[in-house]
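Along the sequence shown, residues carry numbers from 1.
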Amino acid sequence: MPVSEIAILSYIQSVLTSAYALKKLVIIPSDPIGAYERKGQRDMLRDYYNPRRFFDIVFCLSPHEQGIRFQYGMHIIGVTDSVFQNALRLIKPNAIRCYGDYQLNWVYANRPDPSVPIIVSIHARGTDERIQKADYVFCVTQTCATDISKFLPHHRIFVYADRVNRQIFYPNPPPPRGCFH
């Protein structure tokens, strides 16, 4: 059931008033949280959206959600365009993180404070010039990072493992030189 803009903004205000949090993150996931639940990934959601609990408060503002709830260590709120912009003004996040570049134009157009960095996670090839609107890009592969380097300087691109245990999975060493060379 849709929640009114007043109810959403009142909820956000009550969270911010009752907390002394210094570091606030707004995330915009690529899918509804329910999609991760159905895939059996409930246990990883808290750490996935707030690695090492770096942020004191995490708000999930998503057009894919409905209503308001607190789950997985974050405030999950379904928003429309107008509510999104007003929510961002009220939250005053330290960063906004998009999961996928297809939301970047929406976030960029609605970001009321241009000093708040937009961080985008890229998991696949095929990114285009709109990625230039991101302040930082996290890529899950070096191939993605190479593609994105056509549009952004290297100091704004980071490659990370995204839940891959690099103690188990690591690049193969070069084959030994032997009788075939």
Determine whether a donor-acceptor pair (N or O, by modelled atom type, separation under 3.5 Å) exists between the side chain of Ser149 and the backbone of Thr146. yes
Stepwise side-chain contact (heavy atoms from CB on, under 4.5 Å) check, Val26 with Val107: CA-CA 11 Å; Val26 168; Val107 172; over 6 Å; no
If you round to the nearest 0.5 Å, how far is CD1 of Ile33 from CZ of Arg42? 11.5 Å
Output the distance between atom CZ (Phe59) and atom CD1 (Ile8), rounded to the nearest 0.5 Å. 12.0 Å
Is the centre of the Tyr48 ring less than 6.0 Å from the centre of the Tyr72 ring? no
Please tell me if the side chains of Glu5 and Asn86 come closer than 4.5 Å, counting only heavy atoms from C-beta onward. yes
Side-chain donor or acceptor of Lys23 paired with backbone N/O of Asn94 under 3.5 Å: no
Quick one, Phe84 and Ile28 - any side-chain contact, counting heavy atoms below 4.5 Å? yes
If you look at every heavy atom in Ala145 and Val159, which pair is closest and at what distance? CB-CG2, 3.6 Å
From CA spacing to verdict: side-chain contact (heavy atoms from CB on, under 4.5 Å), Cys144, Thr127: CA-CA 8 Å; Cys144 288; Thr127 298; over 6 Å; no
CD1 on Ile77 to CZ on Phe70, rounded to 0.5 Å: 11.0 Å
Is any side-chain heavy atom of Asn50 less than 4.5 Å from a side-chain heavy atom of Met74? no
In terms of ring plane angle, is the pair Tyr49 and Tyr99 parallel, tilted or perpendicular, where the classes change at 30° and 60°? perpendicular
From Ile131 CD1 over to Arg156 CZ, what is the distance, rounded to the nearest 0.5 angstrom? 9.0 Å
Compare every heavy atom of Cys139 with every heavy atom of Ile157, then report the nearest pair and how far apart it is. CG2-SG, 3.9 Å
So, taking the atom named CD1 in Ile27 and the one named CD1 in Ile96, what distance separates them when rounded to the nearest 0.5 Å? 12.0 Å
Report yes if the side chains of Leu88 and Pro93 come closer than 4.5 Å at any heavy-atom pair, otherwise no. yes
Find out whether Ser121 and Tyr160 are in side-chain contact, i.e. whether some heavy atom of one side chain is under 4.5 Å from a heavy atom of the other. yes
Heavy-atom distance under 4.5 Å between the side chains of Gln13 and Leu9, does that happen here? no
Non-hydrogen atoms of Ile91 and Lys24 that approach each other most closely: O-NZ, 2.9 Å
Residues, nucleotides or ligands: over 12 heavy atoms within 6.0 Å of Tyr11 OH: yes
Looking at Tyr108, I'd like to know if its OH atom is crowded, meaning that more than 12 non-hydrogen atoms belonging to other residues, nucleotides or ligands lie closer than 6.0 Å. no
So, do Arg97 and Leu25 sit near enough that their side-chain heavy atoms are less than 4.5 Å apart? yes
CG/Asp128: more than 12 non-hydrogen atoms of other groups inside 6.0 Å: yes
Please determine whether a side-chain nitrogen of the Lys or Arg among Arg53 and Asp47 lies less than 4.0 Å from a carboxylate oxygen of the Asp or Glu. yes
Pair Arg111 + Asp135, salt bridge at N-O below 4.0 Å: yes
Test item: Asp81 side-chain N/O and Gln85 main-chain N/O as donor-acceptor pair under 3.5 Å: no
Closest approach of Asp31 to Ala35 (non-hydrogen atoms, all atoms of both residues): CB-CB, 4.1 Å
Holding to salt bridge (Lys or Arg N to Asp or Glu O under 4.0 Å), I want the full list of residues that pass it with Arg69, two or more places apart in sequence or in another chain. Glu65
Check against side-chain contact (heavy atoms from CB on, under 4.5 Å), Tyr36 and Met44: CA-CA 9 Å; Tyr36 297 99; Met44 67 80 155; 4.2 Å; yes
In Å, rounded to the nearest 0.5 Å, how long is the span from CG of Leu152 to CG of Asp147? 12.0 Å
What's the verdict on side-chain contact (heavy atoms from CB on, under 4.5 Å) for Lys92 and Asp113, showing C-alpha distance, side-chain angles and the deciding distance? CA-CA 8 Å; Lys92 297 182 177 121; Asp113 182 355; over 6 Å; no
